[in-house]
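To start, the structure under review is shown below, and the notes come after it.
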Amino acid sequence: MAKYDRAVSDPLFDLDGRVAVVTGGMGQLGAAVAVGLAERGMRVAILDVETEPRAGSPGIATAVDEGTVRVHACDVTDRGALEAALALVEVDYGVPHVLVNAAAIDAPPDAPAAEVGPFEDVPLDSLERVVHVNVTGVVVCCQVIGGAMARAGRGSIVNVGSVYGLLSPDQGLYDFRREAGETFFKPVAYSVSKSALLNLTRYLATYWGGSGVRVNTLTPHGIENAQPEPFVEAFAARSPLGRLMDVSEALGAVVFLASDASSYVTGANLVVDGGWSAW
Ligand SMILES: NC(=O)c1ccc[n+]([C@@H]2O[C@H](COP(=O)([O-])OP(=O)(O)OC[C@H]3O[C@@H](n4cnc5c(N)ncnc54)[C@H](O)[C@@H]3O)[C@@H](O)[C@H]2O)c1
């Protein structure tokens, strides 16, 4: 047999037969993670308020059709709904081994002007709405699903943060919107919410350290998603790798954090940002 004529398989990264819950799994990153984990033999349940695959997401549509990924309608801020979804997952598959908290909201490109206006005037209800989903939602998922993992004595939680929770947004990326006459600032709510996850991760890593549940943050940045060309160019000019990230490039980090390859890694923040935070 030639040395490299078969796929590399390493038991360190083996996830076959284990159970994953991916919140926000109908979204761009969550769908790529859900499909990627299912392709590695995991039994995957998505919890999302959306239950229909998005147009242009053929991988998740096929995985849902073929039943390799199951979708549960569930709001991550609703503890009763989460408990009901977990009960169904446990009947289907057993106690989850992996929880990826990817559900989140941000101000959409067509957000009301006040929400993306000057910091001094940002309406507090928009901040509270974002924090409710992005922070409270992750806390409740960790309570319900992480709690079940802790009772089972094993598990790995991946909280999906953002470079905007680690560093301030570079408002210069959005100059093109201001040059077009808009008042636009990347709002503070998303940054505040994502930075909270860094310490939620550290808190839970220590809290569950003796229960066999590891908790880490994954910090991606700049996933390519048909953004306007001036944004893509401004991003590339600031990125050490000179480009946005393909969504598939998050998967390796999730597989590492989910698998026994990271058995001594907890409370950490794995930054997948093309070097953005390196200068
Ligand atoms: N896209 C990026 O460039 C980028 C960069 C850094 C970090 N992230 C993070 O990655 C994660 C996924 O981002 P994405 O770009 O795929 O976003 P997305 O909007 O495509 O997906 C988010 C998903 O979360 C779901 N969701 C929202 N509120 C929910 C709720 N209350 N309960 C259950 N589900 C809910 C949505 O229905 C959607 O399917 C988020 O945590 C985001 O902050 C994204």
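Whatever order the structure lists ligands and atoms in, that order sets their numbers, starting from 1. This one's a predicted model, so the numbers in the text were calculated from it and none came from an experiment.
Ring geometry, Tyr207 versus Tyr203: the interplanar angle falls under 30°, so the pair is classed parallel (tilted spans 30 to 60°). The aromatic rings of Phe256 and Phe13 sit tilted, their planes meeting at an angle between 30° and 60°.
Atom OG1 of Thr136 is separated from atom CD of Gln143 by 10.0 Å, given to the nearest 0.5 angstrom.
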List, pair by pair, the atoms of ligand 1 and of the protein that are both N or O and lie under 3.5 Å apart, giving the separation rounded to 0.1 Å.
unit_1: ligand 1; atom_1: 3 (O); unit_2: Ile223; atom_2: N; d: 2.9
unit_1: ligand 1; atom_1: 16 (O); unit_2: Gln28; atom_2: N; d: 3.1
unit_1: ligand 1; atom_1: 16 (O); unit_2: Leu29; atom_2: N; d: 2.7
unit_1: ligand 1; atom_1: 20 (O); unit_2: Gln28; atom_2: N; d: 2.9
unit_1: ligand 1; atom_1: 20 (O); unit_2: Arg54; atom_2: NH1; d: 2.8
unit_1: ligand 1; atom_1: 20 (O); unit_2: Arg54; atom_2: NH2; d: 3.2
unit_1: ligand 1; atom_1: 31 (N); unit_2: Asp75; atom_2: OD1; d: 3.0
unit_1: ligand 1; atom_1: 32 (N); unit_2: Val76; atom_2: N; d: 2.9
unit_1: ligand 1; atom_1: 34 (N); unit_2: Val49; atom_2: N; d: 3.4
unit_1: ligand 1; atom_1: 37 (O); unit_2: Asp48; atom_2: OD1; d: 2.6
unit_1: ligand 1; atom_1: 39 (O); unit_2: Gly27; atom_2: N; d: 3.1
unit_1: ligand 1; atom_1: 39 (O); unit_2: Asp48; atom_2: OD1; d: 3.4
unit_1: ligand 1; atom_1: 39 (O); unit_2: Asp48; atom_2: OD2; d: 2.7
unit_1: ligand 1; atom_1: 41 (O); unit_2: Ala102; atom_2: O; d: 3.1
unit_1: ligand 1; atom_1: 41 (O); unit_2: Lys194; atom_2: NZ; d: 2.8
unit_1: ligand 1; atom_1: 43 (O); unit_2: Tyr190; atom_2: OH; d: 2.4
unit_1: ligand 1; atom_1: 43 (O); unit_2: Lys194; atom_2: NZ; d: 3.0

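Partners of Glu83 by side chain to side chain contact (heavy atoms under 4.5 Å, CB included), not counting sequence neighbours, listed by chain and number: Arg79, Val144.
Evaluation of the side chain to side chain donor-acceptor pair (under 3.5 Å) test over residues 244-267, restricted to residues two or more places apart or in two chains, returns Arg18-Asp260, Arg214-Ser262, Arg243-Glu249, Asp246-Ser248.
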Run the side-chain donor-acceptor check on residues 108-127: report pairs under 3.5 Å with partners two or more places apart or on a different chain.
unit_1: Glu115; atom_1: OE1; unit_2: Arg129; atom_2: NH2; d: 3.1
unit_1: Glu115; atom_1: OE2; unit_2: Arg129; atom_2: NH2; d: 3.3
unit_1: Ser126; atom_1: OG; unit_2: Pro123; atom_2: O; d: 2.9

